[in-house]
Every structure is written in structure tokens, then in C-alpha cells.
Amino acid sequence: MTGIARDERPPTPPDVSAFLAAAVVPHDAPHVTGALENALELLAQWPAIAYANVFTAAVLGDHGAIGRMLAADPTLATSKGGPYEWDALTHLCFSRFLRLDPERRHVFVLTARLLLAWRAMPS
């Protein structure tokens, strides 16, 4: 043998739920709490998290990704998931990106309107 065997498998991205938990304010916390450092760190390490599902796209206000996802599966507008079992619209509303990235607020409005057009139900 000519060396130490190494595990050559690529690293596995963290659970998408960890990103969602870092990117939203839980119902039991004031909406002005929390920062984006953990969410941004996970996103920098694993950019594909942004497109992992309708919930991550909603948290980021990515109306293009949401539109493609809903065109492929309209039930995603009302499906629930993530660590808090929220729908996409609730993820968007509690997004720390919405609060802490004011230059992009208009894309969150577009994304919310798109979800509502696909029959998302405001809670």
C-alpha cells in the first residue's frame, strides 16, 4: 500500500432545516431578533441550499425559483415543511433576509404576490 486511504466522497450538505432555522425568526421570538451570519455561512458553503425546496427559495425571496417550482408542482404553494412545518409564504414573512436586506424587499413582495397567485393561504 502506498499511502493512507482517504475518504474521497464529497462532503454532504447540512440538513436544509438548519439553514431554514437560521434564516427565519421563530413564532416565539420577536421579529427583530437574530442575525444572518449562520444562514449566510451555510449558504456560502452550500449554495445549492438556495434551491433545495420552495421554503429555502421563499426565505431568500427568489421569485424566479418559486415560479419554476410552482409551475412544476402547484401544490407547493400550500405545502408545509421545514423545522417549523410552515408553508412557503410563512417562511417568506418570517425571513431574516426580508428584514436585514432592505435593498431586496421588492423581490420579497413579488415573491409573496406570486405565492398568493398560486393560492397560498395567508395565516
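Since the model is a prediction, treat every value here as computed from it, not as a measurement.
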Check your understanding: Roughly how far apart are Arg99 CZ and Leu36 CG, rounded to 0.5 Å?
Key -> 7.5 Å
Point to revise | For Arg96 against Thr33, the heavy-atom pair lying closest together | key: NE-O, 3.2 Å
Check your understanding: With side chains defined as the heavy atoms from C-beta onward, is the minimum distance between Val24 and His91 less than 4.5 Å?
Key -> yes
Check your understanding: Between Lys80 and Asp87, which heavy-atom pair has the shortest distance, and what is it?
Key -> CG-N, 4.0 Å
Exercise for review: Measure the shortest side-chain to side-chain distance between Phe108 and Val59 over non-hydrogen atoms and say whether it is less than 4.5 angstrom.
Suggested key: no
Point to revise | Minimum heavy-atom distance Leu100-Ala35, with the two atoms named | key: CD1-CA, 4.0 Å
Check your understanding: Less than 4.5 Å apart, any side-chain heavy atom of Tyr51 and any of Asp62?
Key -> yes
**Study point:** Check: Arg68 side chain, Gly64 main-chain N or O, donor-acceptor pair, under 3.5 Å
**Key:** yes
Point to revise | Closest non-hydrogen atom pair between Ala65 and Ala57, with its separation | key: CB-CB, 4.1 Å
Point to revise | Joint cluster assignment, Leu60 & Leu110, ILVMFWY side-chain distance < 4.5 Å | key: no
Check your understanding: Is it true that Val109 and Val107 fall in one hydrophobic cluster, defined by side-chain heavy atoms closer than 4.5 Å?
Key -> no
Revision key, fill the gap. CD1 (Ile66) and CH2 (Trp118) are apart, to the nearest 0.5 Å, by 11.5 Å
Point to revise | Whether Thr56 side chain and Ile49 backbone form a donor-acceptor pair below 3.5 Å | key: yes
Point to revise | 4.5 Å side-chain heavy-atom contact, Leu89 and Met121 | key: no
**Study point:** Ring-ring centroid check Phe55 Trp86, cutoff 6.0 Å
**Key:** no
Check your understanding: To the nearest 0.5 Å, what is the distance between CG (Leu98) and CZ (Arg104)?
Key -> 9.5 Å
Point to revise | Closest approach of Ala52 to Val16 (non-hydrogen atoms, all atoms of both residues) | key: CB-CG2, 3.7 Å
Exercise for review: Supply the atom-to-atom distance Leu43 CG to Phe97 CZ, rounded to the nearest 0.5 angstrom.
Suggested key: 6.0 Å
Review point. Roughly how far, to the nearest 0.5 Å, is the NE2 atom of His63 from the CG atom of Leu70?
Key: 12.5 Å
Check your understanding: For atom CG of Asn38, is the number of surrounding heavy atoms from other residues, nucleotides or ligands below 6.0 Å larger than 12?
Key -> no
Check your understanding: If every non-hydrogen atom of Ala21 is compared with every non-hydrogen atom of Pro83, which pair is closest and at what distance?
Key -> N-CG, 4.0 Å
